[in-house]
Structure formats: structure tokens, C-alpha cells
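Computation of the quantities below employed the complete heavy-atom set of this structure, encompassing side-chain atoms and omitting hydrogens, waters and symmetry-equivalent molecules. Just follow the structure's listing: the first ligand is 1, and inside any ligand the first atom is 1.
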Amino acid sequence: MLDIVFRSDVDVQLVKHSASDQDIAFAARVSTIGERSLGREDEDEKKLSGLINYLVRDRHGSPFEHSVFTFYVKAPIFVWREHMRHRMASYNEESGRYKVLEPEFYVPGRDRNLLQVGKAGAYTFEEGTTEQRAITSLSFKRSCKEAYQTYDDMIRAGVAREVARGVLPVTIYSSAYVTMNARALMNFLSLRQNVEGQKFPSFPQREIEMVAEKYEAIFKELMPITYAAFVENGRVSP
Ligand SMILES: Cc1cc2nc3c(=O)[nH]c(=O)nc-3n(C[C@H](O)[C@H](O)[C@H](O)COP(=O)(O)OP(=O)(O)OC[C@H]3O[C@@H](n4cnc5c(N)ncnc54)[C@H](O)[C@@H]3O)c2cc1C
């Protein structure tokens, strides 16, 4: 009997970073004071906040490229398909050719709304009935179990991993390291979350939004002034 894991969340961990509000100042100020811009990390917070707010508001984005985050992320493959459209990031993902994929699959949780209402590009989602929730959960589990059993049978029969993986669904989890600078991260956050007050509303799939929410908490903690300016200016990436 295969030990198949079903889960409804995503993992995001900060692996390393070089990200701080102060770094925005030295990158921005080189244009007016040259190399003396380095070593001014003790810059007055009010001045720093004014500078960062100006840069975000007027969309002078390049100073934010010097702050960099590396995340470890584990998410279903259908989330990775969307995530990897963000080209201003570096990725290294586990391989289905070089290792046997773990039997770990996504199933929508109780808080995942199931009914799509509205027009393309501006959907809202509603909860769904108990019956719809039951058939969704049952169908995900049945089909993932069957697919993984088939995969396992082929692996045991000596079929190459890269061939056998073809039967697995996009709900299987995969893990990767993602490195993004603060500018690219703000672009990701603006597109992959639906937040009250954003200047350009976006309607992302809930599961990638869960990744974005975890990125946002880390961003807020490490770069609170930049984060505040991002929110204040309608969540538009500079
Ligand atoms: C709600 C939603 C629905 C979507 N639906 C679809 C869909 O149906 N089909 C689909 O294919 N995609 C879809 N996408 C993906 C979308 O088109 C983008 O590929 C994705 O959001 C990455 O955005 P980005 O290009 O801004 O990010 P990045 O690739 O990280 O790029 C960041 C910025 O760099 C610049 N840039 C990067 N590459 C280039 C380039 N080659 N030329 C010029 N400038 C560049 C742009 O300014 C860009 O905004 C959807 C995205 C969202 C948020």
C-alpha cells in the first residue's frame, strides 16, 4: 500500500537574503553623490522613508534590484507553471528525471472556494455546496492515488523516471529555490494577489496567491519602509 500524502498548503522559507531598506538609499544616491553614497546606513529613517516613497511613486525601480531574496518553495506543479512565467527570477527545481517523485499531492482545503462566478479576467469565487466539496475531494484523491500507483508500477518495472512521470498529474508537489530581487518581488506581489486598494486589480489563482502571501510577510519584515511605500502607492511595482 502506497503512503500517499494529501495537503492543501504551500511551503515558503527564506533561505538567504541581502535585502534592506538602507540598501535602496546607497543605490539611489550614487546618482547624486557618487561613491560617498556607500556607508550611509545610519541614514535618518524619515529621510529614507521619503526617498523610498518617491522612488516607488515615480517608478524609479532600479535601486530595488540590489535587494535580493532566496526562497525555498514547495508547491503543486500547476502553481509552478504560473510562477515560472515570472522571468525576473532565478530557479532551480527538483528533477523528475534524476529522482523518484514523492507521493505528495494537493487537494483543495475547506477554505478554497470552488465556484467561479463572473467574466474572464474578473472572476470572483464562491464556496460551493457540500456535495461539490465532497466530489472535488474524492475525485482529487482517487485520481492522484491511481496515477501514483501507475507511476510506481512503471518505476518498479524498470521504466525510466523521465518516462514514467508522464502519468502524474499537475497536483503533485515540486520544490525549488527561487531568487528574486525586490523589484521583481513587488511585480509578483502586485500580480499574484487580489488585495483591496491595489491600483490595478488582479485575479490570480488562489494557490499561487498563497505563495505570494508568504513572500509578502517576509518582504514586509525585511524591508518595512519599502513595503509601506509599495502599499501606499497602490501596490504597483516601481
Ligand atoms: C491573473 C493572471 C492571469 C494570467 N493569465 C495568463 C494566460 O492566460 N496565459 C498566459 O500565457 N499568461 C498568463 N499570465 C501570465 C502573465 O502574462 C505574465 O507572464 C506573468 O504574470 C509574469 O509577469 P511579468 O512578465 O510582468 O513578470 P517577469 O517575467 O518577472 O517580468 C518582469 C518585468 O520585466 C519586463 N520584461 C520581462 N521580460 C520582458 C520581455 N521579454 N520584453 C519586455 N519586457 C520584459 C516587464 O516589464 C515585466 O513586467 C497571467 C498572469 C496573471 C497575474
S.K.: Can you spot which of Thr179, Thr70, Val68, Asn181 makes a side-chain contact (heavy atoms from CB on, under 4.5 Å) with Ser90?
M.R.: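 Result for side-chain contact (heavy atoms from CB on, under 4.5 Å) with Ser90: Thr179.
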
S.K.: For atom 42 (N) of ligand 1, is some protein heavy-atom partner under 4.0 Å away?
M.R.: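 Flag for atom 42 (N) of ligand 1 set to false, no protein heavy atom closer than 4.0 Å.
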
S.K.: Would you verify whether the NZ or CZ of Arg7 falls within 45 degrees of the ring axis of Tyr173 while also being under 6.0 Å from that six-membered ring's centre?
M.R.: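 Output yes; distance and angle both within limits.
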
S.K.: Of all the non-hydrogen atoms in the protein, which one sits nearest to atom 23 (O) of ligand 1, and at what distance?
M.R.: Leu191 CD1, 3.6 Å

S.K.: I want to know whether Tyr106 and Phe78 have ring centres closer than 6.0 Å.
M.R.: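 Yes, ring centres under 6.0 Å apart.
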
S.K.: Does atom 48 (C) of ligand 1 have any protein heavy atom closer than 4.0 Å?
M.R.: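 Given the 4.0 Å cut-off, atom 48 (C) of ligand 1 does not count as touching protein heavy atoms.
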
S.K.: Tell me which protein heavy atom sits closest to atom 29 (O) of ligand 1, plus the residue, atom name and distance to 0.1 Å.
M.R.: Arg87 N, 2.6 Å

S.K.: Name the orientation class of the two ring planes belonging to Phe105 and Phe6 (parallel below 30°, tilted from 30 to 60°, perpendicular beyond 60°).
M.R.: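 The arrangement is tilted - the two ring planes meet at 30° to 60°.
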
S.K.: I'd like to check atom 52 (C) of ligand 1 in this structure: does the protein have a heavy atom lying under 4.0 Å from it?
M.R.: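 Given the 4.0 Å limit, the answer for atom 52 (C) of ligand 1 is yes, a protein heavy atom qualifies.
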
S.K.: Of Phe69, Tyr227, Phe188, which meets ring pair (Phe, Tyr, Trp, His ring centres under 6.0 Å) against Tyr215?
M.R.: Phe188

S.K.: Are side-chain heavy atoms of Val100 and Arg161 found at a separation under 4.5 Å?
M.R.: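 Val100 vs Arg161: side chains touch.
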
S.K.: Give yes if a backbone or side-chain nitrogen or oxygen of Met88 is under 3.5 Å from a nitrogen or oxygen of ligand 1, and no if not.
M.R.: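 There is such a contact, yes.
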
S.K.: Could you tell me whether His83 and Phe71 have their ring centroids closer than 6.0 angstrom?
M.R.: no

S.K.: Might you check, step by step, whether the distance between atom 25 (O) of ligand 1 and some protein heavy atom is under 4.0 Å?
M.R.: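 Looking at atom 25 (O) of ligand 1, one finds that a protein heavy atom does lie closer than 4.0 Å.
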
S.K.: Less than 4.0 Å between atom 35 (C) of ligand 1 and some protein heavy atom, yes or no?
M.R.: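 Within 4.0 Å: no protein heavy atom nearby.
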
S.K.: Might you work through the salt bridge (charged side-chain N to carboxylate O under 4.0 Å, His left out) test for Glu209 and Arg206, ending with a clear yes or no?
M.R.: CA-CA 5 Å; Glu209 189 173 45; Arg206 176 61 196 142; 2.9 Å; yes

S.K.: Is any heavy atom of the protein nearer than 4.0 Å to atom 6 (C) of ligand 1?
M.R.: no

S.K.: For atom 27 (O) of ligand 1, what is the closest protein heavy atom, and at what distance to 0.1 Å?
M.R.: Asn187 ND2, 3.2 Å

S.K.: Would you mind checking which non-hydrogen protein atom is closest to atom 11 (O) of ligand 1, with the distance to 0.1 Å?
M.R.: Arg85 NH1, 2.6 Å

S.K.: Where do Cys144 and Thr171 come nearest, in terms of heavy atoms and distance?
M.R.: SG-OG1, 3.3 Å

S.K.: Under 4.0 Å from atom 17 (O) of ligand 1, can you find at least one protein heavy atom?
M.R.: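 Protein heavy atoms within 4.0 Å of atom 17 (O) of ligand 1 - there are none.
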
S.K.: Looking at Phe203, which atoms of ligand 1 are within less than 4.0 Å of one of its heavy atoms?
M.R.: 1 (C)

S.K.: Hey, are the side chains of Leu51 and Lys47 touching, using non-hydrogen atoms and a 4.5 Å cut-off?
M.R.: no

S.K.: Any protein heavy-atom neighbour for atom 21 (O) of ligand 1 (distance below 4.0 angstrom)?
M.R.: yes

S.K.: For atom 15 (C) of ligand 1, which protein heavy atom lies nearest, and how many Å away is it?
M.R.: Arg192 NH2, 3.9 Å

